[in-house]
Structures are given as C-alpha cells and as structure tokens.
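Remember, it's 1-based here, ligands and their atoms both numbered in the order they're listed. Just so it is clear, the values below take in all heavy atoms, side chains as well, and ignore hydrogens, waters and symmetry mates.
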Amino acid sequence: MSAPAVPHAQVTIDLPAIRDNTARLVAAAGPAATMAVVKADAYGHGLVPAARAARAGGAQWLGTAVLGEAVALRRAGLGGRMLAWLAAPGEDYDTALTDDIDVAAYSPWQLDEIAAAGRRTGITARVHLKADTGLGRGGIMPSDWQAGVEHALELESDGALRVVGVWTHFAYADAPGHPTIVAQLDTFAGAVAIAEKAGAELEVRHAANSAATLTLPDAHFDMVRPGLAVYGLSPIPDVSSAADLGLRPAMRLSARVALVKDAPADH
Ligand SMILES: *Cc1c(COP(=O)(O)O)cnc(C)c1O
C-alpha cells in the first residue's frame, strides 16, 4: 500500500520556534543556566531534532526523565551536559557514566547502585541529590535528608561519585502566589544549607520548571529546567498567553476535513 499523497492528518514541528523559545528562556533565566527538558520524545516534538534546536537556542543542559532518551541523544551526537532523573532498581548506570550523563538519586539504595557503577567503570558519577520539598514524588524527605547527604558524601570520599547538584521540583509553580511555593523554597534552602555544611561542593542548585522560570526569579538558583515553554506553550494560561510571554507554539496539528453536512436538531 502506498501512502496517500496528502495525509489525512499531520503534525508539523517548527524547529526554529523551539530554538527561539529556548533563547527567550535563556534570557529570562539571566545568569542561571538553562536545561531544556526534552523528556517524553521532547513532549512529542521529536527527541533529537528538538534537542538540537534547543541547543541552537542556547540551552547549556538537556534533561530527560528516562536514561534511554539521554543515551539516544548521545548516540545522535549531542554533546554538552545532560541529566536523566528517573531510575528504577537495576538501572544501567554503567552506560550513563560511560556516556557522561549526570544521574539523580532519591534514596540510599540508589546511591549505592550509582557508586557500584562508578567503581565498575572507574568513572566518578556526577549525582544530583533530589530533595522532596513537598511534591511527594521522587526525592528524599526532609526527615531523611541529613542521613541521605551523609551517605552520599561517604561514597564521595571513596571516589565512586560526586554530588554536583541538589534539586527539587514544584507542585504548584503554575499557580503564582500559591502558599506551597514559598514553603518549598524555604525547605529547599534548608536542604542546600545542610548539604553544603556537610561538605558538598555543589555546581548546580536547581528547582524551576517553566512556570517558575517565567514568574519566580527567586527560584532560578544556578539553573532552570523549562519543558512546556520550550515548545511554546504558556505554563500559566489563565494569567499570560504564550504570545504575552514571548513564546511561539512549535506544534501544529492539521487534518483534512472529511465531511461537512447539515443535520436537523435532535438527529
Ligand atoms: C517535566 C519536568 C520539568 C519541566 O516541567 P514543565 O512544567 O514542562 O516546564 C522540570 N523538571 C522535572 C523534574 C520534570 O519532570
């Protein structure tokens, strides 16, 4: 069977829009670095082309949830810093390390698995320790944070890993003024202070998704992690449109109209 000359429906991706949106976010981030989040096939826009466009727009980092996507970016020839943050027991950390991909840790067992890969490969793992400051998803709970930091730094002294980042994720950054935002910032500041006091030499503290990148400079720290806005959508549509924010939607879904007809009421 041959494909129809004109497809019934198609998605068109505007890669220059991804580049320009990224440049807009890089400017908004100010001195903080920008990690373009390209997880989930770049939100359906195509992992590799979208990542290249984000790099062209000035993104210093690329972020994925699953490791496989970061590895795919390396295989496609993308350089620079990358972080993959979603891991399950038995994750292939050896490949992460040989491909120079930063990894995240949420628990002592995960730190142990990462350190084991560091010993096996002879490559010091670059770890971003995640603090659960209220979202309740991945991340070390405040009550376990001190112990988690100490565990990580013990492994660091063996040379198996290095804690390069402390980070967290917001629950309601898309509702500017929501009381959880300042509460999470406060808990995050405490987590960073504990890590630094314990001796962690952090390169990057990061918390901001698209909404916080655009509305909350206090949350920029050393790096921001926008996803949605990279693709030109407003993370706060009730407050500001994409155009208001200087963003351009990168995806266009079009289809041929199959049939138009009149139908009586109650048909
Ligand atoms: C998806 C995700 C982001 C990006 O969030 P947006 O709301 O799309 O900007 C940032 N950080 C983490 C950890 C994520 O999972």
Side-chain angles (χ1 to χ4, degrees), residues 17-18 21-29 32-45 47 50-51 53-54 57 59-70 73 81-88 91 101-107 110 127-140 164-176 178 180-181 184-185 187-188 191 204-217 219-240 242 245-251:
I18 293 178
N21 294 332
T22 304
R24 156 84 183 101
L25 293 159
V26 167
T34 297
M35 170 190 288
V37 175
V38 294
K39 66 188 179 192
D41 196 27
Y43 292 45
H45 292 68
L47 177 66
Q60 297 93 339
W61 287 65
L62 295 171
T64 68
V66 297
L67 178 58
E69 289 200 317
L73 290 172
R81 291 251 61 84
M82 283 182 200
L83 169 67
W85 56 76
L86 188 67
E91 199 69 34
I101 295 162
D102 289 18
V103 294
Y106 310 147
S107 67
Q110 212 166 17
V127 175
H128 298 236
L129 211 52
K130 188 168 191 190
D132 183 346
T133 58
L135 176 61
R137 203 168 66 178
I140 300 176
V164 297
V166 166
W167 65 301
T168 194
H169 196 56
F170 286 109
Y172 286 110
D174 53 355
H178 196 282
T180 58
I181 296 170
Q184 285 194 263
L185 277 174
T187 305
F188 186 60
V204 275
R205 288 144 281 242
H206 49 110
N209 58 2
S210 295
T213 300
L214 292 163
T215 67
L216 199 64
H220 287 180
F221 301 103
D222 305 304
M223 181 163 78
V224 298
R225 302 189 312 267
L228 195 64
V230 166
Y231 308 101
L233 300 186
S234 170
I236 44 165
D238 296 340
V239 183
S240 311
L245 295 168
L247 303 169
R248 202 158 92 232
M251 181 184 286

**Asked** Any nitrogen or oxygen of Tyr43, main chain or side chain, under 3.5 Å from a nitrogen or oxygen of ligand 1?
**Response** yes
**Message:** Can you tell me how far apart CD1 (Ile181) and OH (Tyr172) are? Round to the nearest 0.5 Å.
**Reply:** 10.5 Å
**Asked** Which atoms of ligand 1 have any heavy atom of Pro226 under 4.0 Å away?
**Response** 9 (O)
**Prompt:** How many angstroms lie between atom CZ of Arg248 and atom CG of Asn21, to the nearest 0.5 angstrom?
**Reply:** 6.5 Å
**Request:** Would you please indicate yes or no on a ring centroid separation below 6.0 angstrom for Trp85 and His206?
**Result:** no
**Item:** Between CD on residue Glu69 and CG on residue Leu67, distance to nearest 0.5 Å
**Value:** 10.0 Å
**Request:** Report yes if Trp167 has an N/O atom closer than 3.5 Å to an N/O atom of ligand 1; otherwise report no.
**Result:** no
**atom 2 (C) of ligand 1 [closest protein heavy-atom partner, distance rounded to 0.1 Å]** = Lys39 NZ, 2.6 Å
**Message:** Name the residue from Thr34, Leu214, Asn209 that meets the side-chain contact (heavy atoms from CB on, under 4.5 Å) definition with Pro226.
**Reply:** Thr34
**Request:** Using distance alone, determine whether Leu228 and ligand 1 share an N or O pair under 3.5 Å.
**Result:** yes
**Part of His169 within contact of ligand 1 (heavy atoms, under 4.0 Å)** = side chain
**Prompt:** Quick one: does Gln60's side chain have a donor or acceptor within less than 3.5 Å of a partner on Arg81's backbone?
**Reply:** no
**Item:** Minimum-distance protein heavy atom relative to atom 10 (C) of ligand 1
**Value:** Arg225 O, 3.3 Å
**Gly227, any N or O under 3.5 Å of ligand 1 N or O** = yes
**Item:** Any Pro235 heavy atom less than 4.0 Å to ligand 1
**Value:** no
**Proximity to ligand 1 by part of His206, non-hydrogen separation under 4.0 Å** = neither
**Asked** Just by distance, do the side chain of Arg24 and the backbone of Gly232 share a donor-acceptor pair under 3.5 Å?
**Response** no
**Request:** May I ask you to identify, for Ser210, whether its side chain, its backbone, both or neither come under 4.0 Å of ligand 1 on a heavy-atom basis?
**Result:** both
**Asked** Roughly how far apart are His128 NE2 and Trp167 CH2, rounded to 0.5 Å?
**Response** 8.5 Å
